[in-house]
A.B. asks: 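For reference, the structure I am asking about is given below.
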Number of protein chains: 2
Amino acid sequence: MTTADADPQPSAGRRTDPGRRDRIIDVCLDVIADVGVAGTSHRRVAEAADVPLGSMTYHFSGMNELLHEAFTRFGTTVSDQFERRMATAADAAAAREAVVAIIAEDVFDTQRDLVLTHELYTLAARDPSFRDITNAWMARSRRALERHFDPTTARMLDALIEGLTIHRALDIEPHGREVVVDAVRRITGG
Amino acid sequence: MTTADADPQPSAGRRTDPGRRDRIIDVCLDVIADVGVAGTSHRRVAEAADVPLGSMTYHFSGMNELLHEAFTRFGTTVSDQFERRMATAADAAAAREAVVAIIAEDVFDTQRDLVLTHELYTLAARDPSFRDITNAWMARSRRALERHFDPTTARMLDALIEGLTIHRALDIEPHGREVVVDAVRRITGG
């Protein structure tokens with residue numbers, strides 16, 4: 001252990017715990033999933049992350065910055081999975097199958113993803129300053145789709161994925177996979 | 001004025017104000033649009049509706065019943081507009097134009113509708129007991145579309161409307177109408 005690591009200053013924790021800001025962002029998403037954006041406070045996140053309350057104001061200018069960082073990370077994580085799925089498709093037929101799999105299997109496959117997505121949408125509906133996050137998320141999805149489809153088709157597919165996954169998640173009746181296959185075929189002309 | 005209307009009993013207000021329950025439901029939607037589901041309480045709605053707090057527990061078994069009634073009314077109001085739009089279409093071409101108008105003009109044409117819809121979706125994402133409302137809303141939209149399209153096409157169109165309207169509302173770049181026209185054409189084969 002170096003002298004720096006054992007820094008006796010009160011502020012030492014920040015230097016010896018370089019992952020703290022990162023961990024606060026992750027824990028913030030857990031808190032949002034649990035109690036919603038409205039119930040998420042500096043105090044609640046600090047307690048859940050087991051950091052002093054002062055860490056919150058040290059690392060973030062306020063709740064808006066923390067929420068921004070948290071939802072940006074969430075969107076990036078979901079987009080990474082989306083991109084991996086599209087990247088593995090070798091041709092147009094495989095790309096159409098990948099889109100079907102994204103709709104029927106990937107999106108909202110956990111209660112956490114379903115809740116966090118809708119918490120973000122509600123926040124962005126209320127406060128346009130969060131729409132850079134939804135904009136970046138849509139842009140990445142479209143870029144991933146454009147590996148295989150023209151930009152117009154990619155935009156339509158992205159909207160179709162959004163609508164079909166929300167309707168599947170918020171319905172109380174089962175939705176068959178064949179409707180998804182058929183819808184993707186109609187949009188892509190495959 | 002009859003004796004009944006001038007009922008001197010303390011409970012008379014309920015009988016002389018038959019629209020009170022209705023008004024509370026309307027005001028509840030205003031409160032949700034303003035402060036969100038999480039911030040909506042009996043006390044807040046009673047104050048906004050200018051009724052005694054006791055009216056809330058008299059008319060509703062709890063917040064869940066009130067939220068249920070409020071969002072059911074909201075879904076019904078939006079569905080009514082949707083049905084009127086589809087009912088005026090004389091043929092398949094007019095029906096396709098009506099769907100384009102619903103996407104480009106009707107849905108989320110007010111900030112209130114955008115916020116209330118996403119508040120409902122977030123609530124239904126968290127609590128499946130609210131999915132009877134989203135289920136009934138989707139069922140009515142599909143029935144309205146089935147005036148002009150087969151059930152499979154109606155289901156796809158309903159999802160497409162959902163996805164395109166959300167993406168238009170939560171983006172920071174403009175979305176052209178021609179993509180909507182083209183997407184509706186591809187799904188309906190028109």
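Chain A is the first sequence line, chain B the second, and so forth, proteins listed ahead of strands; every chain is numbered from 1.
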A.B. asks: Is it true that a side-chain atom of B:Thr134 and a backbone atom of A:Leu170 form a donor plus acceptor pair closer than 3.5 Å?
C.D. replies: yes
A.B. asks: Does the side chain of B:Arg155 pick up a donor-acceptor pair with the side chain of A:His175 at under 3.5 Å?
C.D. replies: yes
A.B. asks: Could you list the residues that satisfy salt bridge (charged side-chain N to carboxylate O under 4.0 Å, His left out) with B:Arg73, not counting sequence neighbours?
C.D. replies: B:Asp22, B:Asp26
A.B. asks: Which one wins on heavy-atom pair count under 4.5 Å against chain A: B:Leu164, B:Ile161, B:Leu160, B:Leu123?
C.D. replies: B:Leu164
A.B. asks: Can A:Thr152 and B:Asp182 be said to form a side-chain contact (heavy atoms from CB on, under 4.5 Å), step by step?
C.D. replies: CA-CA 9 Å; A:Thr152 300; B:Asp182 191 6; 4.0 Å; yes
A.B. asks: Nearest heavy-atom pair of B:Glu173 and A:Asn135: which atoms, and what distance?
C.D. replies: OE2-ND2, 3.0 Å
A.B. asks: Taking side chain as everything from C-beta outward and backbone as N, CA, C, O, which of these in B:Ala169 sits under 4.5 Å from a heavy atom of chain A? Side chain, backbone, both or neither.
C.D. replies: backbone
A.B. asks: Is the number of heavy atoms from other residues, nucleotides or ligands under 6.0 Å of A:Asp50 CG greater than 12?
C.D. replies: no
A.B. asks: So for B:Ala33, is it side chain, backbone, both, or neither that comes closer than 4.5 Å to the heavy atoms of chain A?
C.D. replies: backbone
A.B. asks: Please state whether the side chain, the backbone, both or neither of B:Val180 comes within less than 4.5 Å of a heavy atom of chain A.
C.D. replies: neither
A.B. asks: Would you name the heavy atoms of B:Asp132 and A:Ile172 that are closest together and state the gap between them?
C.D. replies: CA-CD1, 4.2 Å
A.B. asks: If we define contacts as heavy-atom pairs under 4.5 Å, which of A:Ile133, A:Asp34, A:Thr165 has the most with chain B?
C.D. replies: A:Asp34
A.B. asks: Looking at A:Arg131, I'd like to know if its CZ atom is crowded, meaning that more than 12 non-hydrogen atoms belonging to other residues, nucleotides or ligands lie closer than 6.0 Å.
C.D. replies: yes
A.B. asks: Please tabulate, one pair per line, all N/O donor-acceptor pairs under 3.5 Å involving side-chain atoms of residues 114-121 of chain B, not counting sequence neighbours.
C.D. replies:
residue, atom, partner, partner atom, Å
B:Thr117, OG1, B:Asp113, O, 2.7
B:Glu119, OE1, B:Val37, N, 3.1
B:Glu119, OE2, A:Arg126, NE, 3.3
B:Glu119, OE2, A:Arg126, NH2, 2.9
B:Tyr121, OH, B:Glu162, OE1, 2.7
B:Tyr121, OH, B:Glu162, OE2, 3.1

A.B. asks: Give the intermediate values and the outcome of side-chain contact (heavy atoms from CB on, under 4.5 Å) for residues A:Met138 and B:Asp171.
C.D. replies: CA-CA 8 Å; A:Met138 288 186 265; B:Asp171 208 345; 3.7 Å; yes
A.B. asks: Less than 4.5 Å apart, any side-chain heavy atom of A:Arg142 and any of B:His167?
C.D. replies: yes
A.B. asks: Answer with yes or no whether the side chains of B:Arg186 and A:Thr153 bring together a donor and an acceptor at under 3.5 Å.
C.D. replies: yes
A.B. asks: Can you tell which part of A:Ile166 gets under 4.5 Å to a heavy atom of chain B, answering side chain, backbone, both or neither?
C.D. replies: side chain
